[in-house]
Amino acid sequence: MSFRNYKSKIDEGDTVILYLSNNLHAIEVKPEIKNKKGEMVENVYQTTFGALKVRNLIGVDYGSRVDLSKGWGHVLQPTPESWSLTLPHRTQIIYTPDISMIMLQLDLVPGSVVIEAGTGSGSLTHALIRRIRPHGHVYTFDFHDHRAKVAQEEFDDHGLAEFVTARHRDVLAEGFGDELSGKADAVFLDLPSPWSGIPHAVVAIKNEGGRFCSFSPCIEQVQRTCSALESHGFQDISTMEVLQTEIKVTKRTVPVRDLSFLRHKSSESPVDEKPNSEKSFVVGTWPTSTPGHTGYLTVATLPPTFIRKKCNQVQESSDQLKTIENGEKDKPNGAEEMSIDENQ
Amino acid sequence: MCDNTIKVGEYIVIQKQNYKKLHKFNKPNSSVNVGKDTINLIGIEGCQYFSIFKMIPKGTKRNKEYDLELSKEALNLIQEISLKTSGTDNRNIYDDGRSQKLSATEISELKSDSISASEIVETLITNSNTFHNKTEFSQAKYLKKKEKKYFEYIQILKPNLRNITEILYKLDPSKVQGVRIDTLSQIMTLSNISSEGNHLLYDSGSNGLLVAALLSAMGPQSNGQLVHMHPGNMSQKQALLAMNFTSEQNNKCVSVNVYSVLRQVYQGSDTNSADSATEKTTNLKRKAPENIEHESKLPKLEVSDTISDVNLNKEHDDAKENNDDKENSEVKENSEIEERAPKKPKWHFDNIRASEILTQKVDSLVIACKEDPQNIFMELMNFVKPGRPFVIYYSVAEPLQNLYMTLKSLSNVGALRLTNNWMRNYQILPDRTHPEVMMNGSSGFLLSGYILK
């Protein structure tokens with residue numbers, strides 16, 4: 001439950017972040033866990049600094065130092081950021097630099113209703129929940145039934161159930177559902193073919209308008225997404241890439257090589273031709289290897305209906321893309337009806 | 001729905017193509033300068049946000065004065081002008097300065113006499129020898145360029161953190177300490193700010209952008225509080241005012257002078273002479289309205305800013321000593337004397353409220369300063385609960401690198417990270433996708449970590 005409120009003490013059932021000299025680990029505070037044979041045994045967490053008896057964490061203040069058999073660590077209350085770094089990966093996840101930008105670009109504030117597809121490992125979902133609570137809601141969808149189920153269980157365990165609904169649904173095929181029509185302030189898509197989700201996003205976004213964001217690793221996806229956004233009446237479409245670099249700060253002592261003595265003939269014994277003193281700097285070293293690409297963020301505004309419809313009409317008459325897409329969508333329905341007829 | 005109509009007294013965003021401007025809509029028939037044009041805003045009151053208006057020239061076009069007419073859509077040139085023929089490449093196009101048959105004077109006459117942008121551009125195109133030999137892409141690029149020049153529509157948008165950040169940064173990054181949108185978004189996440197908890201911000205000159213960002217993430221109708229410390233007499237508020245927050249949401253934030261509030265925290269309130277205090281109070285009351293007025297003028301002036309802000313760009317201590325007038329230092333001195341004065345100024349109560357929040361300790365600390373962050377952090381970290389995050393922003397790396405080395409030796413600070421961002425925008429067009437030609441290379445630096453016990 002440690003994701004829900006700020007807490008001062010660790011309770012049983014909390015998830016805590018164990019911080020060990022710049023390594024973070026998420027630990028679920030359960031005194032006992034099942035072993036391979038299914039028997040309940042004492043929960044002991046193994047770290048590079050030795051073992052930690054999880055039972056001993058209960059009642060400890062957050063931020064405290066905890067002793068390990070070969071050293072020590074600190075226990076922190078999890079934040080969506082530390083959770084992103086420690087969560088069990090079920091899929092590729094979106095990390096904090098992109099998450100931060102997504103939330104700002106989606107204009108999310110407490111009270112917003114936001115749709116996310118797919119849920120994946122819930123990295124972004126935790127950050128979305130923090131931003132929209134207490135009055136907002138996150139609807140998150142995944143077409144993988146197990147992932148959707150595990151995600152919902154995780155949100156329940158983390159005490160976040162009232163702010164989030166995780167569903168198993170193939171939103172590209174089925175849309176977000178009637179109950180979400182005109183309900184969302186923002187829609188976020190992290191799907192292989194986000195462009196086919198755009199008509200559903202238009203349905204889900206409120207009449208007053210809203211924001212859209214799509215995360216795609218490949219530029220070809222972005223191109224299709226942008227042309228679909230344009231033909232569906234979105235405005236202010238823009239695509240960006242955000243990368244973060246961590247700079248390693250160290251103290252570096254460098255030798256100083258004095259050459260000025262060479263200008264004059266020295267009467268004394270020859271000066272050693274070697275560096276003769278040292279100077280100290282605090283330096284920031286840029287990594288030789290750093291993330292060079294995560295994904296492109298494509299964002300856009302869907303204007304309110306009073307101005308949107310006109311946009312659509314103009315676009316519809318002039319734009320072939322839209323009609324092609326509609327055609328594609330109509331076909332399966334048409335085919336179904338026909339088959340029913342045949343059966344009769 | 002009434003929430004989405006344009007109201008007098010609120011800030012609005014005026015968008016013309018890619019240009020956005022923040023404006024305080026003070027009077028129904030006020031005017032605003034957008035580029036070289038003067039636009040009269042009469043008639044926009046009561047319209048819904050996102051409404052599009054056509055700019056109708058007042059008298060001749062030479063005056064560059066326009067009235068607004070509600071429009072259903074913004075027509076763009078590419079839709080209006082049908083392109084018939086185009087070439088395959090530029091092998092037959094020479095830059096001999098003779099491709100345009102119209103003379104410069106003819107063009108300027110055309111500009112002031114024509115009714116619509118499409119008319120101007122169409123005449124230009126028909127009188128061009130080379131336009132029809134250009135490739136389709138090149139023609140589209142030309143039209144886009146002309147459209148920028150002759151675009152006749154504006155759209156009124158509702159200010160929010162995203163467009164305010166963009167506008168202020170575009171205007172002058174130094175006015176917001178160079179806090180770029182991606183960096184700002186990370187300050188908001190790394191500080192774990194949410195609707196609940198108490199948070200502490202020290203900001204010495206981002207024009208209110210940081211406080212606007214944190215307060216927007218805290219939202220309305222919840223019990224979180226924000227202590228906003230600033231070094232000067234008045235806090236900078238431009239971005240905060242532009243958010244059009246309700247008073248309920250604004251009240252979550254208590255803005256205090258850093259000296260006064262720390263004196264209040266450590267030394268408590270002094271209960272000295274009530275007489276001198278009343279005198280000072282009246283003195284202050286006279287001063288306050290002036291300040292408010294001054295600030296409300298800011299968005300209109302846009303480029304010129306408060307004097308105090310200019311000073312902040314210089315040595316910060318200079319600004320304190322030389323330019324803050326006597327009243328200012330008296331204000332600080334008297335923050336404690338006021339206790340039993342009959343009419344106490346608002347800042348007196350603010351100091352007390354802020355010091356109460358600080359003594360209970362806060363859930364996050366954000367610092368965005370122009371001074372050396374070290375002393376400020378070392379003082380303010382004492383008010384942060386163990387296990388909670390902090391973020392320090394600085395426009396260049398070195399002060400944060402030094403601070404990093406200092407903090408590394410402390411036992412009660414952990415998970416330190418010094419980061420820098422890279423952001424690039426893209427032009428996405430069929431067969432013409434590439435990164436935008438210009439990108440911004442200065443994101444500033446963030447030092448983040450956790451306070452430990």
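Basis for what follows: all heavy atoms, side chains included, without hydrogens, waters or symmetry-related copies.
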Exercise for the section: Between chain B and each of A/Glu241, A/Arg65, A/Met240, count heavy-atom pairs under 4.5 Å; write down the option with the most. Expected result: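 Among the listed options, the one with the most contacts to chain B is A/Glu241.
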Practice task
Could you tell me which of A/Pro134, A/Ser21, A/Ser100, A/Gly136 has the largest number of non-hydrogen atom pairs under 4.5 Å with chain B?
Solution key: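 Result: the option with the highest number of such pairs is A/Ser100.
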Contact part of [X] toward chain B, heavy-atom cut-off under 4.5 Å: side chain, backbone, both or neither?
X: A/Met101; value: both
X: A/Thr225; value: neither
X: A/Ile219; value: side chain
X: A/Asp236; value: side chain
X: A/Gln244; value: both

Pick from [options]: which one has the most heavy-atom pairs with chain A under 4.5 Å?
options: B/Asn402, B/Leu418, B/Thr165, B/Ile181; answer: B/Leu418
options: B/Thr419, B/Asn18, B/Leu452, B/Thr189; answer: B/Thr189
options: B/Ala397, B/Gly414, B/Ser222; answer: B/Gly414
options: B/Asn421, B/Asp363, B/Asn425, B/Asn160; answer: B/Asp363
options: B/Phe445, B/Tyr404, B/Tyr49; answer: B/Tyr404

Problem - A/Gln223 and B/Thr433: CA distance, side-chain angles, deciding distance, side chain to side chain donor-acceptor pair (under 3.5 Å) verdict - result: CA-CA 8 Å; A/Gln223 287 177 329; B/Thr433 294; 2.6 Å; yes
Problem - B/Ser185 (side chain) donor-acceptor with A/Leu104 (main chain) under 3.5 angstrom - result: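 Answer holds: no.
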Problem - Heavy-atom donor-acceptor pair, A/His74 side chain to B/Gly387 backbone, under 3.5 Å - result: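 No.
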Handout entry: side-chain contact (heavy atoms from CB on, under 4.5 Å) between B/Phe50 and A/Thr301, intermediate numbers included
Key = CA-CA 10 Å; B/Phe50 283 99; A/Thr301 302; 3.6 Å; yes
Practice task
Might you work through the ring-ring contact (aromatic ring centres under 6.0 Å, His included) test for B/Tyr450 and A/Tyr19, ending with a clear yes or no?
Solution key: CA-CA 10 Å; B/Tyr450 290 84; A/Tyr19 160 64; 7.7 Å; no
Practice task
Start with the C-alpha gap between A/Gln235 and B/Gln155, add the side-chain angles, then the distance that decides, and say whether side chain to side chain donor-acceptor pair (under 3.5 Å) holds.
Solution key: CA-CA 11 Å; A/Gln235 65 174 58; B/Gln155 190 174 27; 3.0 Å; yes
